[in-house]
Amino acid sequence: MSKVLNKSFYTKDLHVLAKALLGKLLVHTLEDGQRISGHIVELEAYAQKDDPASHSFNGKTDRNALMFESPGNLYVYLIYGMYHCCNVVSGPKGLGDAILIRALQPHEGIDIMQENRHIKTATSQAALRNLSNGPGKLSQALSITKEENGLDLCTSNVQIENSNALGDFSISCSRRIGISKGKNLKWRYFIQNNSWVSKAPKGIISFEQP
DNA sequence: CGTGAGATTTCCT
DNA sequence: GGAAATCTCACGT
C-alpha cells in the first residue's frame with residue numbers, strides 16, 4: 001500500500017485542500033534513494049479570482065503557466081532573485097489556484113537539510129526551527145529549485161504522503177504574510193502551537209477558525 | 001529573544 | 001524600469 005496521496009486527493013476546493021494538506025508529509029527522494037521530508041505545518045491559499053495577491057490574478061504568463069495546470073502538480077518560482085517557493089497547484093485545469101507551502105517540521109534527512117542550508121551541525125531547538133520555518137528555507141532544505149518546477153506530485157521524486165505523525169492538532173487561520181494586496185483575506189492556515197510556524201508579524205492577528 | 005532595515009535577481013509592463 | 005508570496009544580519013532589551 002502506498003501512502004502517497006493520489007490525484008483524487010487534490011481535486012478539492014482550494015481551501016478544503018489547504019486544510020487537508022496540514023500535517024501531511026512532503027518528501028523529496030534523491031537519486032541515490034535518500035529521502036528528505038517534513039510535515040507541512042503552515043500554508044497559504046492563493047486564488048485566481050478575487051485575489052490580487054496571486055501571481056495568476058492578472059492572467060496566464062510564461063512564469064505562472066503551471067498554476068493553470070492540473071491539480072497535484074508542483075509550482076516553483078523564484079522570489080527576490082535568490083529564494084525559491086513551493087506551491088501545490090489546486091483547482092481544475094485552466095484555473096490558476098495554488099497553495100504556498102510556508103513551513104515544514106523536519107522529519108527525515110535532517111543532516112542533508114543542514115548541508116543544503118549551510119548550517120553547522122547543531123541540535124538546539126533554534127537551529128532545527130531555522131531549517132524550514134519559511135518558504136525560501138524549506139525549498140532550500142529539500143533541494144527544490146526551478147529544476148523541480150512542474151513535477152507531478154503523484155509520480156515524480158517529489159511527493160506528499162499521508163501521515164498522522166503529528167497526532168491531533170487544531171487549525172487556525174489568519175491574514176497572509178509578506179504581501180501588499182489582498183491583505184484582508186484570512187487565507188493563511190497553520191497548526192496551532194507548532195514550533196515551526198513562523199510568527200505572525202505585528203498587526204497580523206491570528207484567530208480561531210469558525 | 002524581539003524588532004527593524006538592507007540586500008539582490010528574475011520576470012513582467 | 002519597477003515590483004516581488006523573503007532572508008539575514010545588526011542592535012536593543
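Numbers restart at 1 for each chain; the letters A, B, ... are given by sequence-line order, proteins then strands.
For the pair A/Asn133 CG and C/dT6 C1', the interatomic distance rounds to 12 Å; values are reported in whole Å. Atom pair A/Tyr189:OH and C/dA5:C1' shows a separation of 16 Å (rounding to whole Å applied). Nucleotide C/dC7 holds its C1' atom 13 Å from the CD1 atom of A/Ile177, rounded to whole Å. Rounded to whole Å, atom P of C/dT6 lies 12 Å from atom CG of A/Leu138. Rounded to whole Å, atom C1' of C/dA3 lies 14 Å from atom CD1 of A/Ile179. One can place CG of A/Asp51 at 13 Å from P of C/dA4, the figure rounded to the nearest angstrom. C/dT6 atom P lies 7 Å from atom CD of A/Glu44, rounded to whole Å. Whole-Å rounding puts the A/Arg176 CZ to C/dA4 P distance at 13 Å.
Sorted by first and then second residue, the pairs that involve residues 66-83 of chain A and meet salt bridge (charged side-chain N to carboxylate O under 4.0 Å, His left out), not counting sequence neighbours, are A/Glu69-A/Lys93. Sorted by first and then second residue, the salt bridge (charged side-chain N to carboxylate O under 4.0 Å, His left out) pairs involving residues 72-86 of chain A (not counting sequence neighbours) form an empty list. For residues 12-32 of chain A, the set of pairs meeting the ring pair (Phe, Tyr, Trp, His ring centres under 6.0 Å) definition, not counting sequence neighbours, comprises A/His15-A/Trp187. Applying the ring pair (Phe, Tyr, Trp, His ring centres under 6.0 Å) test to residues at least two apart or on different chains, the pairs with a partner in residues 53-74 of chain A are A/His55-A/Tyr77. Within the structure, every pair that satisfies the salt bridge (charged side-chain N to carboxylate O under 4.0 Å, His left out) test and touches residues 50-62 of chain A, not counting sequence neighbours, is listed here: A/Asp51-A/Arg176.
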Polar atom pairs (N or O), protein with nucleotides 9-13 of chain B, under 3.5 Å:
unit_1, atom_1, unit_2, atom_2, d
B/dT9, O4', A/Gly81, O, 3.3
B/dT9, O2, A/Gly81, N, 3.0
B/dC11, OP1, A/Lys146, NZ, 2.9
B/dC12, OP1, A/Thr61, OG1, 3.0
B/dC12, OP1, A/Arg63, N, 2.6

Each nucleotide N or O in nucleotides 8-11 of chain C that has a protein N or O under 3.5 Å away: list the pair and distance.
unit_1, atom_1, unit_2, atom_2, d
C/dT8, OP1, A/Arg117, NH1, 3.1
C/dT8, OP1, A/Arg117, NH2, 3.2

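Using a 4.5 Å heavy-atom threshold, the side chains of A/Val76 and A/Asn87 count as separate. Residues A/Leu153 and A/Tyr10 have side chains in contact (heavy-atom distance under 4.5 Å, counting atoms from C-beta outward).
With sequence neighbours left out, the side chain to side chain contact (heavy atoms under 4.5 Å, CB included) criterion links A/Leu95 to A/Gln48, A/Pro92, A/Asp97. Not counting sequence neighbours, A/Trp196 has no partner by the ring-ring contact (aromatic ring centres under 6.0 Å, His included) test. Every residue was checked against the side-chain hydrogen bond (donor to acceptor under 3.5 Å, both in side chains) condition with A/His84, not counting sequence neighbours, and none meets it.
OP1 or OP2 of C/dT6 lies within a sub-4.0 Å distance of a side-chain N or O belonging to A/Arg102.
Using a 4.0 Å heavy-atom distance criterion, A/Lys181 is classed as a sugar-phosphate-only contact.
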- So what's the dot-bracket for DNA chain C: Watson-Crick or G-U pairs under 3.5 Å, [ ] if a pair crosses, | if it pairs off-strand? ||||.|||||||.
Please output the side-chain donor-acceptor pairs of residues 157-164 of chain A that fall under 3.5 Å, not counting sequence neighbours, one pair per line with the distance.
unit_1, atom_1, unit_2, atom_2, d
A/Gln159, NE2, A/Cys154, O, 3.2
A/Gln159, NE2, A/Ser156, O, 3.4
A/Glu161, OE1, A/Arg35, NH2, 3.4
A/Glu161, OE2, A/Arg35, NH1, 3.2
A/Ser163, OG, A/Ala165, N, 3.1

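Remark: the A/His55 side chain and the C/dA4 base include no donor-acceptor N/O pair separated by less than 3.5 Å.
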